[in-house]
Each structure stands twice: as structure tokens, then as C-alpha cells.
Undergrad: 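This is the structure I have questions about; it appears just below.
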Amino acid sequence: MLSQVLVVDDHPLFREGICRLLERDPRLSVVGEVGSAAEALSIARTRAVDLAIIDLVLPIGSGGGVTLTQRLKQAQPRCRVLGLSVHDDPTHVAAMLRAGADGFAFKTQMGAEILDAIQTVLGAKRYLPPAIDAGQVMRLATSREATPLERLTQREREVFELLVAGESNEGVAARLFIARRTVETHRQNIMKKLEVSSIAELVRLSFQLGA
Amino acid sequence: MSDLDQLLHELLTPLSTLLLWEEILRTTDEPVRQAEAIAAIRASAQLQARLIGDMRELDRARRGALELAPTRVAADELVSAAIARRREPVRATLARDAWLHADAPRLGRALDRLLEPPGELALELAVDGEHVVVALRGAPFAPAIGHAFARAIVELHGGTLSGTGTSAVEIRLPRST
């Protein structure tokens with residue numbers, strides 16, 4: 001039976017290249033190729049996905065790779081996730097694993113290696129690139145220390161995402177049906193927990209964390 | 001992720017795309033796929049060259065070594081040309097009779113970078129006293145090389161660019177009478 005694969009990457013040329021690569025493996029079928037977390041979740045609401053290949057850094061506004069991985073796993077727990085990025089920082093790889101990703105590959109790896117990563121993950125095994133210190137990644141992924149985003153409460157996370165998407169305090173209040181002063185309090189707490197002092201820094205951090 | 005990581009991310013993205021398509025080109029016999037791969041490789045190389053060009057100009061601007069070649073320019077023509085270069089449409093309101101003393105090619109490139117975010121964008125060109133104001137609304141404008149380049153070019157023209165990291169960006173430039 002064909003494995004249904006969803007490709008999520010905001011760089012169209014890279015995404016198309018991955019789809020061409022997938023065509024070479026007769027066991028795989030592309031169920032969708034999209035450029036944002038919102039589009040990916042929209043597909044996941046209507047179609048069964050066996051594997052999602054998710055870029056760590058996605059456009060600001062609808063959630064990055066880490067957040068998408070969490071939401072996709074909630075929507076479809078049996079869906080396997082392979083994170084993909086040009087970043088080789090173990091912290092980012094670990095963040096994807098903590099979010100529920102089953103493996104991670106670098107975009108600069110050979111196509112054959114990326115196909116191998118896909119089959120490894122579909123086979124219910126973990127894949128990490130040979131060039132990364134897997135021990136360090138797993139230590140970070142299983143650490144009890146909270147990552148910056150994990151320090152936020154569920155409500156703070158919702159406020160965070162709306163602020164990053166460009167909503168004003170009034171806009172956030174209207175969207176979440178809460179008072180503007182409550183939003184301001186959440187906003188102050190978020191800034192403090194994430195150690196930033198402006199919305200611009202918050203957006204930058206979101207981009208960096210794949211949030 | 002540090003600033004260097006951010007920079008590397010932008011430079012490695014077209015490079016990884018180029019590597020991927022190079023492998024596809026090398027391992028296919030289909031003419032259609034070959035042509036597709038060659039086009040993708042070229043586009044990726046051009047993007048990387050553009051990023052490097054922006055970084056070079058940014059460096060020159062920060063060192064005070066970038067010399068502008070200003071002429072009297074109609075702001076609406078400059079903005080219209082940038083909108084026409086964008087692949088996706090822009091909802092634009094353009095004031096007439098807004099003049100700038102500007103290096104049109106460089107300021108045009110700065111506008112191109114600000115118009116890069118995908119999705120729907122709204123643009124308003126207006127005159128506010130002694131200033132020409134370009135206000136953009138749309139997807140959040142991410143901090144990136146192109147954005148830093150745009151800011152540097154605007155500031156070299158004696159203007160300001162505000163709103164990085166939000167869904168609204170405003171350029172204010174001295175008006176030429």
C-alpha cells in the first residue's frame with residue numbers, strides 16, 4: 001500500500017524538488033505539498049497522512065515546524081513526521097523531536113539519504129543525520145528542562161501566536177473573547193518568560209524557534 | 001538562533017535547493033525533468049547571488065561607503081514598478097504628485113524586498129507634510145537580509161523604516177518639492 005506523504009516547506013523550488021525525489025520511490029504518494037502550517041493542517045483535517053515532511057522554519061503567522069508537528073500529531077497521532085532544515089543546531093533538532101517528530105534530516109543531505117530517512121521513519125524507527133551528535137540531540141530532547149515555549153501556559157501560547165501573527169492587543173482580545181487588560185497581562189508575562197522586550201523581538205524569536 | 005544562524009539560514013536555503021536539483025538533473029534522462037532542474041538551479045543561484053549582493057550593499061552602507069546617484073523621481077512610478085515586479089497582486093492606493101530625490105534603482109530594490117512576503121499585501125502611498133509615506137500591510141515582515149538592506153537604503157535617503165517584525169511597515173522619505 002502506498003504511503004501518503006505531505007510536504008510542508010515555504011520554499012517552492014525546494015518543495016518541488018522534494019516531490020520529484022519522492023516520485024522515485026514507488027512506495028510513496030504525495031497527498032499534498034504546501035507552504036504553511038495552516039495549509040498543512042487544513043489537509044490533515046480531511047485526508048489521512050502517513051508521513052509529513054516538515055520544514056523547521058515556516059512563514060511567521062501560522063506557526064513554525066515545531067508547532068505544526070505538535071498539532072499534526074494531535075490531529076493524526078499515527079502520522080509520522082520527518083523534520084527537515086538547513087539548520088544543524090542540535091537544539092533545533094531536539095525541539096522537533098520533543099514536539100513529536102520521528103526523525104530529522106538536513107536539507108543539504110543527498111537525495112538518496114533523504115529517501116532513506118523517509119523509509120526509516122515510516123518503518124517506525126528514528127532517523128538522525130550521520131553528521132549530528134545523536135547522543136547530544138537525544139539528551140536535549142529528553143531533558144526535563146523546559147524549552148522557552150514550554151514555559152508558556154496554554155493561554156499564553158495562544159496570545160503569543162496571535163501577537164506574532166500581527167494582531168494588536170484589541171485584536172487578540174476579540175479573537176479570544178477576553179478583556180484587553182487580560183491580554184496586556186498575558187503579553188507582559190510572555191515577554192518576561194521569553195526574555196524579550198518588543199513585538200519585533202517576539203516575532204524574531206518565533207521565527208528562530210520554529211514556533 | 002543567533003544573527004549568524006539567521007544569515008546562514010538564508011544563504012543555505014538556495015544552496016540546499018540547488019544541491020537537490022543538481023542531484024535530480026544528474027540522475028534523470030527525461031528532457032522535461034532536465035529542463036525543470038536547470039531552471040531551478042539557475043533560480044537558486046540567482047537568489048543566492050542576490051542575497052550576497054544585498055549583504056555587500058548593506059556592508060557598504062554601514063561603512064558609509066555606498067554612494068547614491070539621486071535624481072528627481074515620481075514616487076508613484078517607483079512604487080508602481082515595484083508592484084508590477086511582484087508575482088502576487090497588491091491592493092494599492094497611490095497619491096499623485098509625490099516627488100522624491102532618490103536613487104531610483106536602489107530604492108526600487110528596497111521596495112522589492114519589502115514586497116517579498118507571500119500572500120495579500122496592501123500598500124498606500126501618501127504625502128504627509130514634508131514626507132512621502134509608503135505604508136504596507138499584510139503578513140508579518142520577518143527580519144531578514146532583504147529587510148535590513150531595505151532599511152539601510154531608506155536611511156541613506158534620509159528616511160526611516162519602522163515596523164520590522166510586525167504586520168505593518170512604514171517608510172517615510174523626505175519629499176522633494
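Below, chain A is the first sequence line, B the second, and so on; all start at residue 1. Note: hydrogens, waters and symmetry copies are ignored here, and every other heavy atom, side chains too, is used.
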Undergrad: Using non-hydrogen atoms and a 4.5 Å limit, figure out which bit of I24(B) sits close to chain A: side chain, backbone, both or neither.
TA: both
Undergrad: Counting only heavy atoms closer than 4.5 Å, note whether L202(A) contacts chain B via side chain, backbone, both or neither.
TA: neither
Undergrad: Of all heavy-atom pairs between F104(A) and L82(A), which one has the smallest distance, and what is that distance?
TA: N-CD1, 3.5 Å
Undergrad: Pick one of side chain, backbone, both or neither for R15(A), based on which atoms fall under 4.5 Å of a heavy atom in chain B.
TA: neither
Undergrad: Can a salt bridge be assigned to the pair E57(B) and R109(B) using a cut-off of 4.0 Å between side-chain N and carboxylate O?
TA: yes
Undergrad: Is D54(B) salt-bridged to R113(B), going by a charged N under 4.0 Å from an acidic O?
TA: yes
Undergrad: Are E170(B) and R151(B) within salt-bridge range, i.e. N to O under 4.0 Å?
TA: no
Undergrad: Please state whether the side chain, the backbone, both or neither of E16(A) comes within less than 4.5 Å of a heavy atom of chain B.
TA: both
Undergrad: Quick one: what part of E22(B) sits under 4.5 Å from any heavy atom of chain A, side chain, backbone, both or neither?
TA: neither
Undergrad: Salt-bridged, D55(A) to K107(A), with N to O below 4.0 Å?
TA: yes
